[in-house]
Structures are given as C-alpha cells and as structure tokens.
Amino acid sequence: MSLFDKFAAKVFRRGDVTIIFADGKQRRYGTPEPGLTPVTLRFADKGVPLFIGRNPGLHAAEAFMDGRLIIEQGDIRDLIEVVRVNGKWEDKKRGDSSLRGVLLSRLKDSIGATIGAVNGIARSKQNVAHHYDLNDRLYDLFLDADRQYSCAYFADPDNGLEQAQMDKKAHIAAKLHLKAGQRVLDIGCGWGGMALYLNKVADVDVLGITLSEEQLKVARGRAAAAGVSDRVKFELIDYRLLEDRFDRIVSVGMFEHVGTPHYKTFFAKCRDLLAEDGVMLLHTIGRLGVRGRTDAFTLKYIFPGGYNPALSEIIEASEPARLIASDVETLRLHYGMTLDHWYDRTVAAKDAIVALYDERFYRMWTFYLAGARSAFFHGNLCNYQIQYIRNRRTLPITRNYIAEAEDRLPRLTVAPPRRP
C-alpha cells in the first residue's frame with residue numbers, strides 16, 4: 001500500500017469515495033453513509049498523489065483548479081463535505097498527535113499560513129482590490145439583489161437568500177438602537193446596501209467608507225439613484241485616516257481584513273470616532289476555540305492578508321480601548337446556509353462565469369465557496385456579532401429592545417445598478 005493510499009484510508013473513513021488513478025487502477029475508501037453523496041475522483045496524471053501529499057491543504061485545491069483532479073461523480077461540495085465530516089471540529093481531541101489527527105489537521109486546518117497579517121494602509125488597499133475589484137458582473141451572478149457579501153440571517157431555515165439578507169440588515173439595525181437624525185459610520189461599506197437600508201428605515205445620515213474603487217462607484221451610484229446622496233455618502237478612505245465623531249458605528253465583514261497586529265489600533269480608533277453615548281456593532285467571521293491560522297489556499301487565491309479571529313482575540317484587543325462588549329451573539333450555522341445559496345447560484349451561472357474569466361477561475365471559485373461552507377458546518381468557523389458601548393448606561397438594561405425593534409423594522413432592499 002502506497003503512502004498516499006494510507007493517507008486516503010485515514011482521511012476517508014466515513015462516506016463513499018472512489019479514486020481512479022492515472023494507470024486506471026481504482027481504490028474505494030470509507031463506508032457509505034446516508035446524507036453523504038458518493039464521490040468518484042480521477043487523477044489525470046501519475047504525479048497527482050505525490051503533489052497532493054506534499055501539501056494537502058493547498059495542492060488538492062490547485063490540482064482541482066488545474067484539471068488534474070477530476071470529479072466524475074458528485075461535485076467539489078460533495079468531496080469537501082466528506083473530508084470535513086471525517087474530522088468535525090467538535091469531535092477533535094485536544095492535542096491529537098495520532099497519525100489520523102496529524103493528517104486531518106494538515107488537510108483541514110490551514111497549511112503554511114501566517115497568523116498575523118501586517119496590513120498597513122497601502123497593503124490593505126491592495127488586498128481589498130485583489131478580491132473586491134473583480135468584475136461587477138461576477139457578484140451579480142451569485143449574490144442577492146442588494147449585493148450583501150456577508151453572512152445572512154436565517155430567521156427561518158427555509159427562507160431564501162433574499163429574505164435572509166434583508167433579515168440580517170434588520171437584525172443589525174435593531175442592535176444599533178438607532179434614532180432619527182443620528183450620524184452613522186459604516187466601516188467597510190461594500191456596495192452600500194447596509195448604509196442605504198439604515199438611512200431608509202431609521203432616518204439617519206450615513207458615511208460609508210471602503211478601500212475598493214469598484215465598490216465605491218456602485219455605492220455612490222445607488223445613493224444618487226435613490227436621491228439620498230446628501231444623506232448617504234461614500235468615501236475611499238482607510239478607517240485610520242478618518243477624523244470625525246459618530247453616534248453609531250457598524251462594520252460588517254471588514255474586521256477579517258484588519259490583521260492581528262492592527263486589532264488594538266482598530267478599536268482605539270473606533271473609540272475615538274464613537275460618541276460618548278454611541279453604539280457600535282461589529283459583525284465578523286470568527287473561529288471557535290483558540291487563535292489559529294488562515295489556510296494557504298485562501299491567502300494565496302481569495303483573501304490575501306485575511307484572518308478570522310477567535311472571540312478571545314477580539315475581546316482582548318478591544319479591552320484597552322475601554323469599549324464595553326454589551327452584547328455578543330455567535331451565529332453558528334447561518335454562514336454555511338448562506339454559502340449553500342451562493343454555491344448553487346454560482347453553479348447555475350457557470351457559463352456566464354467562464355465567459356467572464358475561464359474554467360480555472362470557475363473551479364477556484366467553487367472550491368472557495370464549498371470549502372468555506374463546510375468550514376462553517378463542520379470546521380471551526382462561525383460569525384460573531386459584538387455590540388460595543390463606551391458608557392454602561394447607554395442602552396436598556398435588558399435585551400428586549402433588540403427583538404422589539406427587529407419586529408418593527410421593514411425588510412427593504414435597493415437593487416444595485418445592473419449591467420445591460
């Protein structure tokens with residue numbers, strides 16, 4: 001039995017996986033299990049097993065992207081699901097040093113990645129452009145009409161993506177405890193959907209800031225189309241360079257790009273920008289358990305400089321700024337459900353995405369979505385929503401106001417400009 005054969009036998013214990021090697025020989029691994037789709041892989045050349053074995057976390061993705069690892073039964077989501085089910089985060093033993101533990105750790109928990117991305121102002125803009133300045137049409141093809149590129153909120157698991165994203169905005173708005181006429185800062189405003197929503201439902205003025213030139217164009221265009229450019233403004237500026245004061249701060253899906261060496265700077269700046277009786281809501285991807293590393297595939301191809309923090313890292317960094325964590329919510333499954341919708345929409349739009357880019361990009365994108373989805377369902381990823389205040393008397397002393405406000409808020413969306 002080859003080293004790769006031993007490796008595969010250790011990885012695939014649950015599920016039905018068949019590998020067809022370049023010489024035509026087949027090996028079947030695991031045990032069929034209800035709910036897990038049988039998967040058949042074909043290696044296009046004899047060098048694939050050694051290539052994957054040298055760096056499973058990165059090279060399996062690259063072999064798939066390059067057409068050297070071909071999925072003949074099932075798809076990449078099914079394959080990654082089997083891999084993850086065989087090593088769920090909750091089932092791992094602390095400090096597992098067995099061969100199986102080491103193999104699964106290498107395959108699923110980020111090979112060769114760095115813990116602390118140093119994202120200075122110039123580097124941060126480059127990193128943002130790498131991902132968010134892709135062709136606008138790509139995001140139209142798999143996101144909701146409002147282009148919410150962050151975890152949705154499934155008040156009902158059967159809700160569709162559009163409803164879940166509208167419910168996400170209402171959930172966040174309720175936690176901000178908004179009042180008419182307040183000034184709101186949206187750090188990492190994306191294509192402007194959250195800023196426009198807050199203005200419409202709460203009669204507040206919003207400044208959205210981004211480092212993406214493409215997102216800035218769309219956001220400003222949407223504000224102009226809605227006739228609210230005087231109240232909802234967007235700027236291309238790093239949060240560290242902003243000098244102003246706001247009643248509320250919201251940041252959704254931006255903290256993952258801050259970089260661990262800059263966490264204390266981020267919270268110190270937020271405190272300076274937040275009014276004495278202000279409220280801040282931070283929505284970020286995080287990791288369960290202790291601090292870790294970003295996987296090499298994500299750093300190389302998707303989010304250079306990105307890192308998903310443990311809750312302890314966030315709280316530790318915000319404490320010196322004397323920000324009070326007044327409410328903490330862990331969204332455990334919502335992003336996995338969101339990514340299922342994005343994956344399905346991406347597959348349905350395959351021809352359009354290949355026309356925009358090529359087959360390799362399409363395979364990379366599906367690997368990214370499928371891998372992230374499985375990490376939220378079986379790995380160590382989750383979402384944190386942390387509400388911060390400067391003054392302990394700022395908010396009501398029970399959480400009832402959140403649900404009450406959420407029930408009152410309308411579910412509105414403003415579609416971004418579409419390409420003809």
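With hydrogens and angles disregarded, no donor-acceptor distance shorter than 3.5 Å links the side chain of Q385 to the backbone of E329. For E72 (side chain) and R42 (main-chain N/O), no donor-acceptor pair under 3.5 Å exists by modelled atom type.
Every residue two or more places apart in sequence or in another chain was checked for a ring pair (Phe, Tyr, Trp, His ring centres under 6.0 Å) with Y384, and none qualifies. Applying the side chain to side chain donor-acceptor pair (under 3.5 Å) test to S326 and every residue at least two apart in sequence or in another chain returns Q387. Shown here are the side chain to side chain donor-acceptor pair (under 3.5 Å) partners of R183, two or more places apart in sequence or in another chain: D244.
Under the 30°/60° scheme for interplanar angles, the aromatic rings of W191 and Y149 are found to be tilted. The aromatic rings of Y368 and F303 sit perpendicular, their planes meeting at an angle over 60°, well past the 30° parallel limit.
For the atom pair SG of C151 and CZ of F376, the computed distance is 7.0 Å after rounding to the nearest 0.5 Å.
Ion pair R363/E62 not flagged as a salt bridge, since none of the NZ, NE, NH1 or NH2 atoms sits closer than 4.0 Å to an Asp/Glu carboxylate oxygen.
For R245, the CZ atom counts as densely surrounded, since its 6.0 Å shell holds more than 12 non-hydrogen atoms of other residues, nucleotides or ligands.
In this structure, the ring of F43 has its center less than 6.0 angstrom from the ring center of F4. Taking the centre of each ring, H341 and F154 come in below the 6.0 Å mark.
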